[in-house]
Amino acid sequence: LGVWLGGFAAMDPHLTLNSLKVQELKQICIEHGLQHQGRKAELIERLISLRRSLNPDFASAPAQGSSSSSSSSSGGGNATILSAGASPATSSSQSPASAGRAGRGGRNAGRGRGRGRAAARLDIGAGDRAAGSPAAALQQRPLRCARCSGSWEVGQHMQNLPRPEVFWCPVCKFKVMDPFNAVVEPEGVLHYAPSNDNGKLEFKLELPELRQWRRDNMCIQVRMVRVACTKLSHNWPHTLHFSINGGEIFSVLPPEEGHKRRDIPHDISGNLRHGRNVISVRMIDERPSEFVLGIVLTTPRGIPELQTQVGLCEVRAARERIRGILARQRRAGQAARVDEIVCLAPDTLKLRCPITMGRVEDPVRGKDCQHLQCFDLEAYLTSNRQMRAFNNRWVCPLCTYVLRPSDLVVDAYVRDVLAGTSSDIEEVVIDAEGAWSCPTLPAARERRPAAPS
């Protein structure tokens, strides 16, 4: 939500908001659920009205001095983690809400002394939180995970929180992150711990079944995510040092100048011992408290196993989907003025895979994808397994949707088209009713003998 110019009542609110760019004002409106269209003056009035509704005394509040109140953040690593993971069953049963209570002390609610645009970012309700008003309770309300419906409490210091409908708790992110190394259910999340402001964590990890897990070809990985990040990705902090039983196992260093670091989970199976292990983590980052570390038990999954996670879209439903896409395109074209340029997808269905450029064998697409063309399932899974950039995996080759195996469906309509056409046909034409036909080919030109070299 940004940082409210502390003591907003102490200066002209219009002057404060007017120092922001229109795009910044729109983003703030979006974050607070306000209408973000309109002129700059209208955006400013909406934000001031919202601030006034959160604190009715805001309009008449006199300018305050520069006094401030502060509370200390959590100190050691043990203050912010769950109950020191005594066993896999105990650790995995912890609720996300209990993990996020660290760092509740809040931020300094001092009056605005900041200078420049960064100091003028909004945190509507900061004064109310410091005063303990009903609005403060609303701001501290935990977020509910859209996947598991569990609650995850976030500290007041957390910035740019995602919208509730797209928020996934860190535990769900750990589980879904890597389909090729699936977290063992139901107790595969052995331990998870939110970091704190000092970037230090220390906890005990009990592994009485470690030998059996090794015999079963299971692995133990370290994964880390940002709470506020909506992208399902693995994220290390700027610098991290990970130690087990007093010895450093691995470290994450800043990237070289001009290079981008590729963050991937780390396998620590060979560094753990049967029984009790003491884990120590030290990290450096601008906002270390936004990170959550997870220790997970994983099992490898091959391409045949992942193929079983793909659903099926029957012919009838797939045809209705195509008719809907073409109908929306026609309406968009009719609504556009003559001088407007409208980008419309063609009414042709390409039968070649955009990954291999060969004919599709097992046509799949995302459940919510809005394009007609499909791609080959095995080619998609293979290309993702070979991709070294871990956080760039699972992106639809035809649009920007993130598609893990469970997000895919086999399109039975396209499968029937492939079965009803010869291998030399590269595309078919689809009419408004969803019927397909091969395009009319021009008359074959008379072949002429090649000129002698």
Side-chain angles (χ1 to χ4, degrees), residues 3 72-82 84-85 99-100 102-105 107-108 118 152 154-162 169-171 173-174 177-178 181 189-205 219-272 277-296 298 387-393:
V3 181
S72 60
S73 60
S74 56
N78 289 332
T80 63
I81 63 176
L82 303 181
R104 260 194 174 194
R107 302 188 66 180
N108 191 310
W152 185 274
V154 295
Q156 296 177 4
H157 56 275
M158 200 75 70
Q159 300 180 18
N160 301 320
L161 292 177
C169 69
V171 176
K173 290 182 179 181
F174 292 145
M177 181 181 293
D178 185 7
N181 294 280
V189 180
L190 305 178
H191 191 95
Y192 62 97
S195 181
N196 46 37
D197 290 333
N198 61 22
K200 296 181 180 179
L201 291 174
E202 188 165 328
F203 55 90
K204 296 180 179 65
L205 189 66
C219 297
I220 297 178
Q221 289 187 346
V222 181
R223 298 180 179 181
M224 183 165 270
V225 297
R226 283 184 180 270
V227 175
C229 181
T230 57
K231 181 181 179 182
L232 184 51
S233 58
H234 175 92
N235 301 110
W236 294 120
H238 187 67
T239 302
L240 179 139
H241 297 274
F242 188 95
S243 301
I244 301 178
N245 301 322
E248 183 173 302
I249 304 304
F250 69 92
S251 61
V252 179
L253 302 177
E256 298 180 3
E257 185 176 356
H259 292 75
K260 186 175 181 180
R261 190 178 67 191
R262 291 178 174 174
D263 291 353
I264 59 174
H266 198 93
D267 189 342
I268 57 172
S269 305
N271 307 108
L272 295 165
N277 294 264
V278 179
I279 309 297
S280 177
V281 182
R282 301 291 181 268
M283 66 184 77
I284 299 175
D285 196 86
E286 291 181 356
R287 294 187 292 273
S289 56
E290 290 190 2
F291 291 88
V292 179
L293 178 137
I295 309 293
V296 297
T298 68
M387 189 177 297
R388 295 181 59 190
F390 182 84
N391 289 333
N392 291 340
R393 292 177 178 177

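- The aromatic rings of Tyr192 and Trp152 are tilted relative to each other, their planes meeting at an angle between 30° and 60°.
- Atoms CG and CG, on Leu205 and Leu272 in that order, are 6.5 Å from each other to the nearest 0.5 Å.
- Within the 4.5 Å cutoff, the side chain of Val252 has no heavy atoms near those of the Met283 side chain.
- Identified under the salt bridge (Lys or Arg N to Asp or Glu O under 4.0 Å) test for residues 225-240, with sequence neighbours left out: Arg226-Asp285, Arg226-Glu290.
- The two atoms that bring Gly199 and Pro288 nearest to each other are CA-CB, 4.0 Å, heavy atoms only.
- Heavy atoms only, all atoms of each residue included: Pro170 and Val227 are closest at CG-CG2, 4.2 Å.
- Here the side chain of Trp236 pairs a donor or acceptor atom with the backbone of Ile264 at under 3.5 angstrom.
- The side-chain contact (heavy atoms from CB on, under 4.5 Å) check on Leu232 picks up Trp168, Lys173, Val176, Arg404, with sequence neighbours excluded.
- The side chain to side chain donor-acceptor pair (under 3.5 Å) test applied to Ser233 returns Asn235, not counting sequence neighbours.
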Asp178 vs His234, side-chain contact (heavy atoms from CB on, under 4.5 Å): CA-CA, chis, key distance, verdict: CA-CA 9 Å; Asp178 185 7; His234 175 92; over 6 Å; no

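- Of all non-hydrogen atoms in Arg223 and Asn181, the two that sit nearest each other are NH2-O, 2.9 Å.
- Under the side chain to side chain donor-acceptor pair (under 3.5 Å) criterion, Asp267 pairs with Ser269, sequence neighbours left out.
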CA sep, side-chain torsions, deciding dist, call: Met177, Val225, side-chain contact (heavy atoms from CB on, under 4.5 Å): CA-CA 10 Å; Met177 181 181 293; Val225 297; 3.5 Å; yes

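- The shortest distance between side-chain heavy atoms of Arg282 and Glu202 falls below 4.5 Å.
- When side chains are defined from C-beta on, Ser195 does not count as touching Met224, because their heavy atoms never get closer than 4.5 Å.
- Every pair passing salt bridge (Lys or Arg N to Asp or Glu O under 4.0 Å) that includes a residue from residues 251-261 is listed here, sequence neighbours excluded: Arg261-Asp263.
- Across all non-hydrogen atoms, the minimal contact from Pro254 to His238 is CG-NE2, 3.4 Å.
- Contact of the His266 side chain with the Gln221 side chain is not registered, since no non-hydrogen atoms from C-beta on lie closer than 4.5 Å.
- Side-chain contact check for Phe203 versus Leu293: some heavy-atom pair is nearer than 4.5 Å.
- Taking the side chain as every heavy atom from C-beta outward, Thr298 and Ile220 never approach each other to under 4.5 Å.
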Side-chain atoms of residues 240-250: list all donor-acceptor pairs with protein atoms under 3.5 Å, sequence neighbours left out, distances to 0.1 Å.
residue, atom, partner, partner atom, Å
His241, ND1, Glu248, OE1, 3.3
Asn245, OD1, Val278, N, 2.9
Asn245, ND2, Asn277, OD1, 3.1

